[in-house]
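Worksheet: the structure to be examined is printed underneath.
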Amino acid sequence: APRGLRWEPLVRFPNAVTVTEPDKDLRLYDVNPEKKYITRRSVIHGTFKCLYDLSSFPFDVQQLRIDVQLGREIHTCAELRLPTYRIGHWRGAPNVLMHQIDSEFDYRPMRYVVWTSQILETPTVHSRYSFVIPAQRRSYFYLCNWVLIVLMVQTMAFSVFRFSPKELETRIGTTATLFLVLVQFKLQITDKAPALSYLTLFDKYLITAAVSIFAIFIGSVLLAPVANILHVGEDALDAYLQVAIGATWVFQHYSFIGSARHAKRHQRSRIAAMGKIDDSMVELLRRTKIDVNDDGTVKDEERYKKLINN
């Protein structure tokens, strides 16, 4: 830096939507000429964008990330490129997640990733550091308020088989009403879910339930014509339809439960893949009698939840 001015890097936040530093006078610097590093501490307020993977929603785990990247030296405008300048992880204090209250997510111990900028972002490669907060969705709300509603509406559709195939108007009216209930339910929850180019686990469950009710509707309408073509009784053909829809119901819920269990079982491995947990954080957790696995996930999740929410 020029004489009389402190060497100061321009720190960028590549995934920030808005970012501010309320008071630059609060910046703290620790310069170590022998080891050739500078430690900087500052307070940043910001909103950051993250890419979510909602394929296993509502049993998903997301990573809330803050990316920090070196840019230029403020006074000389010299590029702080690799390998001369790099952001390193400071082992002097742990990355901690302060007191959190969230009705939708449980937060796990913070992790970090040291990597580099991408060639499409900058012509020269710069050092980048990411703070990662693993967020595990609480699925209980969605099971009670979304999945259970769909399950009850779909199961009610089986009541049409209590009516004779001759009572076509009653069967059509019942299935059409239940189908419209599911459609209205889907429209109401659309505002609460992001627009995606793929189906989530819940989307597949809801669509399968709607198709099942629609199949009962079509089957009831075509029952008499098909029975005449095949020269069989309507009651016998109706029994086959009931068995087919029942088998579909069983397969649907067996598949949904299996997918949910698979997603829950792999939540730990997904959290472990989000980055490293620093050693000082592990020591801090063990001091509070919370054991940590080799991959950095906590063994007693309930105890950690109480610690972070109290």
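Small disclaimer: the values here were computed from a predicted structure and weren't measured.
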- Can you find a heavy atom in the side chain of Gln63 that is under 4.5 Å from one in the side chain of Arg111? no
- Query: CG of Leu187 to CD of Gln184: how many Å apart, nearest 0.5 Å?
  - Reply: 5.5 Å
- What are the two closest heavy atoms between Thr177 and Gly173, and how far apart are they? OG1-O, 2.7 Å
- Among side-chain atoms of Glu283 and Ser280, is any donor-acceptor pair under 3.5 angstrom? no
- Query: Side chains of Leu54 and Arg137: does their closest heavy-atom pair fall under 4.5 Å?
  - Reply: yes
- Taking the side chain from His266 and the backbone from His262, do they hold a donor-acceptor pair closer than 3.5 Å? yes
- Spatial distance of atom SG (Cys50) from atom CD1 (Ile133) [nearest 0.5 Å]: 8.5 Å
- Message: When you measure from the side chain of Asn15 to the backbone of Arg65, do you find a donor-acceptor pair of N or O atoms at a distance under 3.5 Å?
- Response: yes
- Of all heavy-atom pairs linking Gln252 and Ala209, the shortest is NE2-N, 3.7 Å
- Message: Before you tell me yes or no, could you show the steps for Tyr205 and His253 under ring pair (Phe, Tyr, Trp, His ring centres under 6.0 Å), namely the whole-Å CA-CA distance, both residues' side-chain angles and the distance that decides it to 0.1 Å?
- Response: CA-CA 8 Å; Tyr205 179 77; His253 290 88; 5.3 Å; yes
- Task: Would you mind reporting whether Glu73 and Leu10 have side-chain heavy atoms less than 4.5 Å apart?
- Result: no
- Query: Any side-chain heavy-atom pair from Ile66 and Ser130 closer than 4.5 angstrom?
  - Reply: no
- Task: Treating Ile, Leu, Val, Met, Phe, Trp and Tyr as nodes and any side-chain heavy-atom pair under 4.5 angstrom as an edge, say whether Leu168 and Ile218 lie in one connected cluster.
- Result: yes
- Message: According to a hydrophobic-cluster definition based on side-chain heavy atoms being under 4.5 Å apart (Ile, Leu, Val, Met, Phe, Trp, Tyr only), do Phe158 and Phe251 belong together?
- Response: no
- How far does CD1 of Ile213 sit from CE of Met156, to the nearest 0.5 angstrom? 9.0 Å
- Lys289 and Arg303: which non-hydrogen atoms are nearest, and at how many Å? O-NE, 3.4 Å
- Query: Quick one: do the Glu21 and His45 side chains pair a donor with an acceptor below 3.5 Å?
  - Reply: no
- Are Arg72 and Glu79 ion-paired here, with the side-chain N under 4.0 Å from a carboxylate O? yes
- Message: Within the supplied structure, the quantity of interest is the number of heavy atoms (other residues, nucleotides, ligands) at a distance under 6.0 Å from Leu51 CG; does it exceed 12?
- Response: no
- Full working for side chain to side chain contact (heavy atoms under 4.5 Å, CB included) between Thr20 and Ile44: CA-CA 6 Å; Thr20 58; Ile44 300 295; over 6 Å; no
- Does Leu148 belong to the same Ile/Leu/Val/Met/Phe/Trp/Tyr cluster as Leu178, with side-chain heavy atoms less than 4.5 Å apart forming each link? yes
- Output for pair (Ile207 CD1, Leu199 CG), nearest 0.5 Å, gives 4.5 Å
- Task: Could you check if a side-chain atom of Val61 sits within less than 4.5 angstrom of a side-chain atom of Met274, using non-hydrogen atoms only?
- Result: yes
- Message: To the nearest 0.5 Å, what is the distance between OG1 on Thr116 and CG on Leu70?
- Response: 12.0 Å
- Message: With heavy-atom distances below 4.5 Å as the criterion, would you say the side chains of Val282 and Asp278 are in contact?
- Response: no
- Query: Between Asp203 and Lys186, is there a salt bridge with N-O shorter than 4.0 Å?
  - Reply: yes
- Query: Looking at Trp115, Tyr112, Phe13, which one forms a ring-ring contact (aromatic ring centres under 6.0 Å, His included) with Tyr129?
  - Reply: Tyr112
- Message: Closer than 3.5 angstrom, by distance alone: can the side chain of Glu167 be matched with the main-chain N or O of Ser164 as a donor-acceptor pair?
- Response: yes
- Message: Does Phe214, at its CZ atom, have more than 12 non-hydrogen atoms belonging to other residues, nucleotides or ligands within less than 6.0 Å?
- Response: no
- Closest non-hydrogen contact found for Leu241 with Ser220 is CD2-N, 4.3 Å
- Query: Any side-chain donor-acceptor pair under 3.5 Å between Gln69 and Ser117?
  - Reply: no
- Query: Only one of Tyr198, Tyr52, Tyr142 forms a ring-ring contact (aromatic ring centres under 6.0 Å, His included) with Phe57, so which one is it?
  - Reply: Tyr142
- Message: If I compare all heavy atoms of Thr175 with all of Ile172, which pair ends up nearest, and what's the gap?
- Response: OG1-O, 3.1 Å
- Item | OG1-CD distance between Thr248 and Gln154, expressed to the nearest 0.5 angstrom | 9.0 Å
- Message: Assess the residue pair Val153 and Phe185 against the criterion (side chain to side chain contact (heavy atoms under 4.5 Å, CB included)); give the C-alpha distance rounded to whole Å, side-chain angles, the decisive distance to 0.1 Å, and a yes or no.
- Response: CA-CA 10 Å; Val153 172; Phe185 177 73; over 6 Å; no
- Is any NZ, NE, NH1 or NH2 atom of the basic residue among Asp291 and Arg286 found under 4.0 Å from an Asp or Glu carboxylate oxygen of the other? no
- Item | Check: Arg108/Gln136 side-chain N/O donor and acceptor closer than 3.5 Å | yes
- Closest non-hydrogen atom pair, Arg268 against Asn293: NH1-ND2, 2.9 Å
- Query: Would Ile245 and Val250 show up in the same hydrophobic cluster when neighbours are defined by side-chain heavy atoms closer than 4.5 Å?
  - Reply: yes
- Query: Are Leu237 and Gln242 close enough that some pair of their side-chain heavy atoms sits under 4.5 Å apart?
  - Reply: no
- Query: Got more than 12 heavy atoms from elsewhere within 6.0 Å of OH, Tyr140?
  - Reply: no
- Message: I'd like to check Thr18 versus Phe48 (side-chain heavy atoms, cut-off strictly below 4.5 Å). Are they in contact?
- Response: no
- What about Phe202 and Phe256, are their ring centers closer than 6.0 Å? no
- Trace of the salt bridge (charged side-chain N to carboxylate O under 4.0 Å, His left out) decision for Arg270 with Asp53: CA-CA 11 Å; Arg270 293 188 62 186; Asp53 179 8; 3.6 Å; yes
- Task: Show your reasoning for whether salt bridge (charged side-chain N to carboxylate O under 4.0 Å, His left out) applies to Asp238 and Arg171.
- Result: CA-CA 12 Å; Asp238 189 48; Arg171 296 181 69 152; 2.8 Å; yes
- Query: With the 4.5 Å side-chain cut-off for hydrophobic clustering, are Leu82 and Val68 part of the same group?
  - Reply: no
- Message: Does Ile87 form a side chain to side chain contact (heavy atoms under 4.5 Å, CB included) with Arg128? I'd like the steps, not just the answer.
- Response: CA-CA 6 Å; Ile87 301 178; Arg128 183 177 291 181; 5.8 Å; no
- So Met110 and Phe131, side chain to side chain contact (heavy atoms under 4.5 Å, CB included) or not? Walk me through it. CA-CA 7 Å; Met110 285 186 66; Phe131 299 91; 3.7 Å; yes
